Amino acid sequence: MIQTQQMSLLPGRSVTELIEDIELLTQEVQELYCLDDIPWVIGYSGGKDSTAVVQLIWNAIAKLPQSKQTKKIDIITTDTLVENPIVSTWVRKSIKQMNIAAIEQEMPIDTHLLQPEWTETFWVGLIGKGYPAPRGKFRWCTDRLKISPSNRFIRNVIRSSGETILVLGTRKAESTKRAHRMKKMEARRVRDRLSPNMNLPNSLVYSPIEDWRDDEVWLYLMQWDNPWGYSNKDLFAMYRGASADNECPLVVDTSTPSCGSSRFGCWVCTMVSQDKSLTAMIQNDEEKEWLQPLLDFRVELDVEDSRDRRDFRRRNGNVQLYERNLEGEIAIEPIPGPYSKEARDYLLRRLLSVQTEIRFKAPEEMRDITLIAPEELSEIRRIWLEERHEFDDSLPRIYEEVTGEPFEDSRPAAERKLLGSDEWTVLEEMCDDKMHLELMAKLLDTERQYYTKPRRTGVYGDLEKCFETSSRSQKEAIGNAHYQRNLKKAVEDVKANPALNIQQVKNAIAQTNISATDATVDIAKLKQELESSSNEDKQLSWADIKYSSPDVGAGNSKD
């Protein structure tokens, strides 16, 4: 039992009141568990909050008679494959120990280590598909790496059982935003701390420690034994080592920072200005200096303006314009697309170099650390070859140059190729620029892909797409985008003001890059738009715009 003398909490409730709350929560957990046959899924991240929840549920169920411990409880944790290596190792060992303890104690608990699909990992997105490092307006990583794996598991439980209860360590004290969201859900609750899951039908969310403060979480972890035999003191030490001030007090006043502000996450995360936890780990412990290459590589990814690394087109090959504010002046520029081939090659080389370096410097028990898995490398290679048509096949070469070992692709027939680096070299010598090289590579590889198919239906359409996306130089492609934009604006102007002077419309269209020509206009589409915007006294037609003389005014038609 916890010693209450000489201990205090922040203003709000005493230690005695916390103990009473834990006893009431224990009864509540037991009643809810025995109420029905709905299976439970507990979300576990290895952090203090989820550890406290698992410990609370475990201790409560363990006090029930064996005859009542009949309902299965699944504990799930998601490894994004780019977690802080120290935390990732901690979680994996913790999950393993949970399984051992559950078997020994005959608890109805099973653990599951989840991860994203190999086609949806961080490195497949960044290096394979060329997605830029995540930002606030393009946060492509969270759903793929964290949400989808857990939701996929929960949906499977719902399919087999009809419904489920998801137990989470969410707390109102985590953030103002979290508190507001939880407060909003209280009106729809089934009972105390049990709310509908807005994202997954037929599931409820149970949040037993939602009203606990940081110091109460730590007090519970340090004073109540961990039921699966893992050390909460080591967890405390890990949090302390990840705090910039190297302190994580259990009893604090309002001026003392809490370990709750130290959050562990992906070491590649560019959604924050700095990885404070990993930085603090390195600064506070000389034995963790081998992690420094991770920080250095993250800094390379966290570039505010990465335009020099990226294509001027989107992934579909189209140029998309947007208005950009440059020191008070509005500039219409292309939206930067995915990382270029050179940038992706470089990022792969750097990542493999970092992996090789930390494997050499890491402690003996961490020498097998993997930053990018063979399955990810195989998927990246497939994307480069089949979707990007980069048949120079640079990945195996880069891998061998960095690691000194040959790359072994697990995909069947991955080494069967009609085109390779020799053909690529010949093309580079023949082509005038990058766009010419890209066009020829796409045409050849598209033909190669259809060569292996029993039917060639669609080959002409795919060849035409190659010309649509890669036949213009960068200047011409951007000019054409401006031209199309002006045409669209002209149509909108006509719809808004049918009495516009034809020459005014033509002048508006002409305000674009001189590299654009009439041949780049989708004539049929524009004509249809113009005709649909005309009234009974049609004053402006496509022929008027294209063929009329400058002195023909609005309201006059050509005889």
Side-chain angles (χ1 to χ4, degrees), residues 79-86 88-89 115-134 141 144-145 266-270 275 278 282 288-303 306 308-310 338-388 390-411 414-415 417 420-421 424:
D79 183 359
T80 64
L81 304 179
V82 282
E83 299 288 338
N84 179 316
I86 303 298
S88 178
T89 300
Q115 66 179 46
E117 300 283 356
W118 292 118
T119 56
E120 297 292 335
T121 68
F122 181 83
W123 297 121
V124 168
L126 188 95
I127 299 178
K129 298 176 182 178
Y131 293 154
C141 54
R144 290 174 169 84
L145 306 187
C266 303
W267 67 267
V268 295
C269 184
T270 51
D275 189 334
L278 187 56
I282 296 171
K288 293 186 174 65
E289 289 183 353
W290 59 274
L291 292 168
Q292 184 62 42
L294 299 184
L295 278 182
D296 296 338
F297 187 39
R298 182 202 166 277
V299 170
E300 287 192 52
L301 295 177
D302 191 14
V303 178
S306 59
D308 58 328
R309 301 180 181 181
R310 296 164 64 181
Y339 287 132
S340 64
K341 173 176 170 52
E342 293 78 13
R344 286 181 279 112
D345 280 354
Y346 171 78
L347 291 171
L348 175 62
R349 187 180 296 275
R350 279 287 290 126
L351 177 60
L352 290 172
S353 299
V354 170
Q355 179 173 270
T356 302
E357 182 179 358
I358 64 174
R359 281 179 173 177
F360 178 75
K361 294 181 178 179
E364 190 67 33
E365 66 273 11
M366 298 287 286
R367 291 287 172 88
D368 60 346
I369 186 171
T370 299
L371 300 184
I372 182 168
E375 292 85 354
E376 293 177 276
L377 290 167
S378 178
E379 176 61 15
I380 291 172
R381 186 189 187 192
R382 186 200 65 78
I383 292 172
W384 288 3
L385 287 172
E386 298 181 7
E387 297 181 16
R388 307 295 298 181
E390 295 165 355
F391 56 78
D392 62 321
D393 199 14
S394 59
L395 187 145
R397 172 176 53 80
I398 293 173
Y399 184 88
E400 186 167 1
E401 288 174 357
V402 175
T403 67
E405 302 174 356
F407 176 67
E408 297 181 2
D409 200 325
S410 58
R411 288 184 301 130
E415 304 304 328
K417 298 179 294 182
S421 57
W424 188 272

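This is a predicted model, so every value here is computed, not measured.
In terms of the side chain to side chain contact (heavy atoms under 4.5 Å, CB included) criterion, residue partners of Glu342 (sequence neighbours excluded) are, by chain and number, Ser340, Lys434. Residues passing the salt bridge (charged side-chain N to carboxylate O under 4.0 Å, His left out) test with Arg144 are Glu120, sequence neighbours excluded. The side chain to side chain contact (heavy atoms under 4.5 Å, CB included) test applied to Pro293 returns Val354, Glu357, Ile358, not counting sequence neighbours. Residues satisfying the side chain to side chain contact (heavy atoms under 4.5 Å, CB included) criterion with Arg359, sequence neighbours excluded, are Gln355, Ile369, Thr370.
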Between Leu294 and Leu371, does the side chain to side chain contact (heavy atoms under 4.5 Å, CB included) criterion hold? Intermediate values first, please. CA-CA 10 Å; Leu294 299 184; Leu371 300 184; 3.8 Å; yes
Run the side chain to side chain contact (heavy atoms under 4.5 Å, CB included) test on Phe297 and Leu347 for me, step by step, so that the C-alpha distance in whole Å, both residues' side-chain angles and the decisive distance to 0.1 Å come before the verdict. CA-CA 9 Å; Phe297 187 39; Leu347 291 171; 4.2 Å; yes
Checking side chain to side chain contact (heavy atoms under 4.5 Å, CB included) for the pair Leu377/Leu348: CA distance, chi angles, key distance, verdict? CA-CA 9 Å; Leu377 290 167; Leu348 175 62; 3.7 Å; yes
Show your working on salt bridge (Lys or Arg N to Asp or Glu O under 4.0 Å) between Arg411 and Glu379 and close with a plain yes or no. CA-CA 9 Å; Arg411 288 184 301 130; Glu379 176 61 15; over 6 Å; no
Taking it one step at a time, do Val303 and Arg309 satisfy side chain to side chain contact (heavy atoms under 4.5 Å, CB included)? CA-CA 10 Å; Val303 178; Arg309 301 180 181 181; 3.3 Å; yes
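Residues Phe122 and Pro116 have side chains not in contact (no heavy-atom distance under 4.5 Å, counting atoms from C-beta outward). Arg388 places none of its side-chain heavy atoms less than 4.5 Å from the side chain of Lys341.
Within the structure, side chain to side chain donor-acceptor pair (under 3.5 Å) contacts touching residues 396-408 (residues at least two apart or in different chains) are Arg349-Glu401. Residue pairs meeting the salt bridge (charged side-chain N to carboxylate O under 4.0 Å, His left out) criterion with at least one member in residues 288-300, sequence neighbours excluded: Asp285-Lys288, Arg298-Asp302, Glu300-Arg350.
Aromatic ring orientation, Trp123 versus Trp267: tilted (interplanar angle from 30° to 60°).
Distance CG/Leu352 to CD1/Ile398: 8.0 Å, rounded to 0.5 Å. Atom-to-atom distance recorded for Ile127:CD1 and Ile372:CD1 is 5.0 Å, nearest 0.5 angstrom. Considering OG1 of Thr119 and CD1 of Ile380, their distance stands at 12.0 Å, rounded to 0.5 Å. Atom OG of Ser394 is separated from atom CZ of Arg381 by 10.0 Å, given to the nearest 0.5 angstrom. We find the CD-OG1 distance between Glu375 and Thr121 to be 10.0 Å, quoted to the nearest 0.5 Å.
Looking at every heavy atom in both residues, Ile383 comes nearest to Lys129 through CD1-CG, 3.8 Å. The two residues Leu126 and Pro132 make their nearest non-hydrogen contact at CD1-C, 4.0 Å. The nearest pair of heavy atoms linking Leu301 to Ala133 is O-CB, 3.5 Å. Minimum heavy-atom separation, Asn84 to Ile86: OD1-N, 2.9 Å. Closest of all the heavy-atom pairs between Pro363 and Trp290 is CD-NE1, 3.3 Å. When all heavy atoms are compared, the tightest approach of Asp392 to Trp424 is CB-CG, 3.2 Å.
Counted by atom type alone, Glu83 and Thr80 present one or more donor-acceptor pairs between their side chains at under 3.5 Å.
Side-chain atoms of Arg344 come within 3.5 Å of backbone N or O of Tyr339 as a donor-acceptor pair.
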